[in-house]
Amino acid sequence: MTRSVTVRVPAKVNVQLAVGAPRPDGFHDLANVFLAVGLYDEVTVTPAEALRVTCSGPDAGQVPLDATNLAARAAIALATRHGIAPDVHIHIDKDIPVAGGMAGGSADGAAALLACDALWGTGASQGELLEICAELGSDVPFSLVGGAALGTGRGEQLTTVDVGGTFHWVFAVADGGLSTPAVYGEFDRLTAGTDVPAPAASPALLTALREGDATELAETLGNDLQAAALSLRPSLAGTLAAGTAAGALAALVSGSGPTTAFLTADEESARKVADALLASGTCRSARVAPSPAPGATVV
């Protein structure tokens, strides 16, 4: 085999992230409404003498190139199931912010899995691919399917959510990343001794998505990890304020952060908010993207 396979995979924003109390296994039950957005990584796999990972693009130096990378783990997982040596060169062309709460690492895992399946001709079913994704991480299954979905359990059990239109976002990228385990740890510290309700999806939010109503969606966005992310990175409050002042309909921390997300009325508004965020000096870059977006796709 000398050919290569390239898969394009989107980032995500959590339009609702409801977090329950810690479980005995250390995870948290979630009601996690995912929306795939039009910022993409491309992952290319090529036959090689041994498994190796390379990366290019913004912040490529922050991406691990060893077996801890989810793309490498995905190749190993699929190869092990099918009795194949995972001898591929995985190249990640990275455009999704690194450690930014937008599931960039999870996206690369899903993309590598789909690419290796195509390269090796393993013929894995969607169910098998999703099973491997769930083993790799809570956000990886959604990266495979894209669109919009409600993730329950620890986020890996997906139910498709209907979206009736296009939503326009701005993502403000902060300097440095935030560790997801650290943010969950801070959530546990902040909620210690309180009655943390069981997580549930907001009916009003699901209706706003289905009707394609950005104004209504803005009223229902929520992230239970936001207070923890702000506690660990107080400067994010300035970014949220700057985007809101520039006319965003709503602002929130994306997932575990530190990327912040701003919902706008239309594409023109999104560009104005992005320009204002850059001018404010509260973020490193500001990216405009529509949603929903398709999941991992061979290109």
Can we say [X] and [Y] salt-bridge, meaning some charged N sits less than 4.0 Å from an Asp/Glu carboxylate O?
X	Y	result
Arg154	Asp25	no
Asp87	Arg52	no
Glu186	Arg189	yes
Arg210	Glu216	no
Arg81	Glu135	yes

ILVMFWY cluster, [X] and [Y] together (side-chain gap under 4.5 Å):
X	Y	answer
Phe167	Val288	no
Val196	Leu190	no
Val5	Leu78	yes
Ile76	Ile132	yes
Val53	Leu119	yes

Do [X] and [Y] have side chains that get closer than 4.5 Å, going by heavy atoms?
X	Y	answer
Leu35	Lys12	no
Met102	Val13	no
Val299	Val7	no
Leu252	Asn14	no

*Mind telling me whether Phe187 and His28 have parallel, tilted or perpendicular rings, with 30° and 60° as the class edges?*
perpendicular
*Please work out whether the ring planes of Phe171 and Trp169 are parallel, tilted or perpendicular, with thresholds of 30° and 60°.*
parallel
*Can a donor-acceptor pair be found between the side chains of Thr44 and His91 at a distance below 3.5 Å?*
no
_Under a plain distance cut-off of 3.5 Å, with no hydrogens placed, do Glu49 and His89 share a side-chain donor-acceptor pair?_
no
Treating [X] as the side-chain partner and [Y] as the backbone partner, does any N or O pair qualify as donor plus acceptor under 3.5 Å?
X	Y	result
Ser179	Ala182	yes
Arg233	Ala228	no
Asp29	Gly20	no
Asp66	Thr68	yes
Thr180	Leu178	no
Asp266	Ser269	yes
Asn223	Val253	yes
Ser254	Gly257	no
Thr6	Val43	no
Asp93	Cys55	no

_The test is side chain to side chain contact (heavy atoms under 4.5 Å, CB included); show your working for Ile92 and Asp41 and say whether it passes._
CA-CA 7 Å; Ile92 302 166; Asp41 283 358; 4.3 Å; yes
*Does the pair Ile96 and Tyr40 meet the rule for a side chain to side chain contact (heavy atoms under 4.5 Å, CB included), with working shown?*
CA-CA 6 Å; Ile96 300 173; Tyr40 301 93; 5.7 Å; no
*Can you check side chain to side chain contact (heavy atoms under 4.5 Å, CB included) on Gln126 and Leu144, steps first, answer last?*
CA-CA 9 Å; Gln126 178 86 340; Leu144 185 71; 4.2 Å; yes
*asked:* Suppose we screen for ring-ring contact (aromatic ring centres under 6.0 Å, His included). Which residues come up paired with Phe262, at least two apart in sequence or across chains?
replied: none
Residues that [X] engages under side chain to side chain contact (heavy atoms under 4.5 Å, CB included), provided they are two or more places apart:
X	answer
Gln157	Thr152
Thr282	Thr239, Ala242, Leu277, Ser280
Pro58	Asp95
Ser143	Val9, Ala103, Ser106, Ala107, Ala110

_CA sep, side-chain torsions, deciding dist, call: Asp139, Asn32, side chain to side chain contact (heavy atoms under 4.5 Å, CB included)_ = CA-CA 10 Å; Asp139 287 347; Asn32 194 352; 4.2 Å; yes
*side-chain hydrogen bond (donor to acceptor under 3.5 Å, both in side chains) with Asp195: which residues, sequence neighbours excluded?*
none
